[in-house]
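First the structure, in the form of structure tokens, and then the observations on it.
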Amino acid sequence: MFRTALRTLRSHRLRFAMPALAVVLGVAFVTGSLLYGDSVRAAVNRARTNSQPDASVSVTADPAVPHRLDDTLLRRLRALPSAATARGVVEGRSFLVGSDGALVGDLNQAAGVNYVPDRSGKDVRYPLTEGRGPRGATEIAVDRRTAERAGYRVGARVRIVVAGTARDARLVGVFTAHDSRVDSGGTLTAFDTATAQRHFAPAPKGYSAITLTAAEGASDAQLAQRAQKLLPSGLRAVTRADLESGAASTGDADKLTTLLLSFAGVALFVSTFLVANTFTMLSAARAREHALLRAIGATTNYVMRMVLTEATVVGTAASAIGYGLGVGAAHLLGGLFDASGAGNATVPALSAKPLLAAFAVGIGVTVLAAYVPARRAAAVPPVAALRTVQPSTAASLRRRNAIGLITTACGALLIAAAVGEPNLLFGAAPLLLVGLIVLTPLLALGLTGLLRSPLTRLAGVRGKLAVENARRDPRRTAATATTLMVGLAMVTAVTVAVTSVNRFDEREADRSMASDLRITAVDFGEVGEGTAARVARLAGAEAVTPVIPTYFDLADKTPLPVTAVDPAAVERAASLTVREGSLDRLGRGIAVTEEVAAAHDWRLGSRVTGSFTSASGRTPDTRASLPVVAIYDGPEDLTPALVAERTLPRPAGAEDRPSVDSVLVKASPGRTAALQEEIRRALDNPALLVQDRADARAAATARTAPFLNIMYAMLSVTVLIGALGVVNTMGMAVFERVREIGLLRAIGLDRGGVGSVLRLESVTISLFGSALGVVAGTAIGAAAVLGQESVPLVIPWDRTALFFLASAAIGVLASLWPGRQAARIPMLEAIGADTE
């Protein structure tokens with residue numbers, strides 16, 4: 001039986017090539033996802049274990065209480081008999097500007113650290129490879145990867161961005177760092193401790209943490225226990241092992257792997273239709289062969305096992321090839337997601353779990369898809385030796401149609417219900433697609449029938465033949481169209497959702513743009529405190545105000561969102577409407593919106609008593625009592641209350657420093673564009689964005705572009721498998737219709753005419769699958785959008801039209817090879833051919 005299966009595979013190798021390729025793609029997707037996820041987890045764990053090699057115990061502060069990590073505590077901990085050394089750690093956000101003028105690396109992982117040299121001038125945590133450690137406020141050292149990416153060498157004059165302000169520094173050293181931030185695509189910039197404290201310390205001359213190194217003979221647990229006795233409340237000593245076990249370092253990698261595997265599952269799901277369709281068509285074409293086997297004594301189980309053995313061999317070969325491609329896919333995923341901070345990791349060439357998954361998935365999907373065709377092949381009776389195909393009975397189609405109608409209706413109802421309950425969409429979308437898959441043969445008869453008349457008028461008898469060929473076997477047409485439908489449904493759903501979100505973001509950008517120009521920071525950056533003052537000195541800047549959001553905790557503990565601004569400029573810089581009072585007195589009071597005034601029964605002159613909340617979330621002991629000096633209306637970014645910037649308490653350290661959200665700039669008439677360029681030149685800071693209204697809209701929609709591109713890249717595998725399904729169906733149709741093609745040639749249809757019939761049939765099937773996918777995807781995407789408050793539903797008609805054009809192109813391309821094969825068949829040989 002195994003030899004018979006191998007002979008069958010050799011004789012029909014071209015027919016098995018397409019389903020095998022589909023399984024290869026699915027297996028490669030699964031393997032690549034698993035290998036990439038494992039490599040990221042290994043890299044992060046390795047970096048976490050190797051980082052801070054001198055840290056046995058770490059002393060950290062509770063964010064809710066004032067920090068007391070200072071030199072006094074550091075000296076007390078260093079004096080412990082069980083401590084070999086103690087180190088004060090200061091860390092914060094620091095960006096490096098590359099030689100090309102752009103920020104280097106993943107901004108979320110860009111960090112500034114303090115360099116702590118020993119007596120030899122070296123830091124065990126950051127071993128130098130070139131130069132020396134920084135010794136002053138204008139010197140820095142960077143990690144080796146960052147230096148290479150930025151294009152800098154020791155001695156270069158570089159630009160850094162700290163606390164939202166760009167400044168120049170001299171690169172004096174390059175070091176190696178086993179740090180998860182560097183492995184995740186970030187950067188490490190080292191300062192001397194005094195400079196790092198000025199930039200990042202939570203309190204003057206304080207530390208973010210203190211680490212201890214255990215002396216010889218002392219365990220980490222003993223050191224932590226003894227250190228804890230010296231610590232005031234709010235501080236705790238934690239061993240290295242406890243920190244590593246409690247660190248949530250691979251959560252992002254696990255989420256990414258799950259996302260990738262979900263797309264791989266969709267690709268494999270679509271592959272099953274291609275595999276099943278291939279074995280169904282082959283079983284029909286080999287009906288005589290199976291009947292003859294039965295006639296000479298083969299049992300139904302023998303025939304079924306033979307077909308399943310063929311599927312197993314195909315699945316095994318596809319799994320082996322797919323695993324190899326999966327290793328390459330994992331490397332591609334590393335290159336794709338490193339820019340997002342997913343992890344810079346080494347992908348192993350061989351890993352047990354992905355290898356087992358590859359063969360389990362590849363063989364399992366192939367055998368499962370071939371099971372029903374194998375049962376049909378085994379059911380061919382010996383007396384059917386001269387019959388090549390057994391048509392489906394009307395009863396079986398009626399049962400399938402009834403099930404499909406019920407399932408589709410249930411899916412549609414759940415889709416409608418998902419508008420009010422978005423979580424239902426996770427079950428509604430698969431149910432709707434399954435219902436359409438079951439119902440596709442009925443839809444194939446109806447929708448392709450509608451094309452008979454227009455195609456006949458367009459292409460004459462060739463158009464009619466193409467439609468009738470598509471309608472001849474609705475099951476086959478349905479199975480072929482389904483491979484395209486699922487992929488296009490997901491592409492359309494994502495497109496509808498992202499387009500709608502983009503429209504919402506554009507509206508929000510317009511609403512939040514309260515001035516001619518707005519200065520904001522890049523993601524994970526901040527606007528420097530002196531930025532507004534520097535811009536205000538430029539010619540053409542009529543009014544400039546910083547926007548500093550914070551909270552004012554009222555006497556009843558209710559937090560009131562307030563925005564600190566420049567009282568002298570805010571009314572001119574932003575679109576504010578003062579209903580009562582005047583903003584001229586804002587420096588000594590508070591302005592509130594009409595809604596807030598009504599809610600608290602405040603009027604002009606009412607006293608608002610409370611405390612400002614610092615940036616770290618702590619509420620200082622000082623209280624303030626501010627009179628209401630104005631009642632106004634304004635944009636969302638400047639509501640529901642305004643205070644003067646100088647009213648805010650002065651910060652004790654970097655952690656309590658007020659965060660400037662943006663700077664609003666009113667330009668002189670006709671000077672907006674010129675002022676925008678002047679601001680960019682004056683600030684010379686790539687971490688700050690100087691935007692007009694058009695820039696704000698573009699920036700709002702640009703956030704979703706990488707996500708949409710990644711979704712298209714992932715789903716393109718599914719669409720490719722759908723295209724393979726069309727190629728496979730048309731190619732096998734040529735082998736089945738050899739005699740039919742010969743008769744068409746005999747009655748006057750030339751080779752070009754035969755090819756055009758196949759092209760029209762292929763395009764018909766492709767457009768049919770595309771129409772179902774676009775309609776289903778639009779419904780799913782619309783339900784997802786309508787379930788979100790305030791997000792408008794936008795149907796991207798231009799991209800929808802592009803999907804249909806792409807489907808037509810797929811149909812034309814899918815028919816090229818089968819068309820050439822059909823045209824090469826000699827007419828007399830084709831006429832005399834058996835129907836097999």
Side-chain angles (χ1 to χ4, degrees), residues 1-36 38 260-261 263-283 285-286 289-290 293 298 301-330 347-378 479 483 717-718 720-721 724-725 727-728 731-732:
M1 180 180 64
F2 184 73
R3 288 195 299 270
T4 303
L6 289 179
R7 284 195 296 268
T8 300
L9 291 174
R10 282 197 298 269
S11 61
H12 297 288
R13 56 186 176 274
L14 291 178
R15 305 187 189 188
F16 284 110
M18 293 299 175
L21 181 57
V23 176
V24 165
L25 292 175
V27 170
F29 212 152
V30 171
T31 303
S33 302
L34 292 175
L35 284 172
Y36 176 68
D38 288 348
L260 293 173
L261 286 176
F263 284 111
V266 174
L268 287 167
F269 176 70
V270 174
S271 299
T272 59
F273 292 97
L274 178 51
V275 175
N277 200 24
T278 300
F279 277 92
T280 298
M281 296 173 73
L282 280 175
S283 296
R286 296 163 56 196
E289 174 188 333
H290 295 153
L293 285 174
N301 285 335
Y302 178 89
V303 175
M304 184 172 178
R305 289 199 307 272
M306 184 183 69
V307 176
L308 292 180
T309 299
E310 296 168 3
T312 302
V313 174
V314 171
T316 303
S319 299
I321 298 173
Y323 181 85
L325 290 179
V327 175
V347 178
L350 191 64
S351 182
K353 180 181 174 182
L355 183 64
L356 290 175
F359 281 92
V361 168
I363 297 173
V365 166
T366 310
V367 172
L368 180 65
Y371 179 73
V372 173
R375 290 191 59 183
R376 291 177 181 171
T483 58
V717 177
T718 304
L720 176 60
I721 293 174
L724 293 177
V727 175
N728 187 62
M732 297 189 70

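Numbering starts at 1 and runs along the sequence shown.
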Which donor-acceptor pairs under 3.5 Å do side chains of residues 16-28 form with protein atoms, sequence neighbours excluded?
none

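Legend: residues meeting ring pair (Phe, Tyr, Trp, His ring centres under 6.0 Å) with Phe269, ordered by chain and number and at least two apart, are Phe273. Every residue meeting the side-chain contact (heavy atoms from CB on, under 4.5 Å) condition with Pro354, not counting sequence neighbours, appears here in chain and number order: Thr31, Leu34, Leu35, Asp38, Tyr323, Ser351.
When each of Val367, Val307, Thr366 is tested with Thr312 by the rule side-chain contact (heavy atoms from CB on, under 4.5 Å), just one qualifies, namely Val367.
The CZ atom of Phe359 lies 7.0 Å from the OG1 atom of Thr316; values are rounded to the nearest 0.5 Å. Atom CG of Leu356 sits about 11.5 Å away from atom OG of Ser319, to the nearest 0.5 Å.
Here the shortest heavy-atom pairing between Ala267 and Phe29 reads CB-CD1, 4.4 Å. In terms of heavy-atom proximity, Leu268 sits nearest to Val365 at O-CG1, 4.1 Å.
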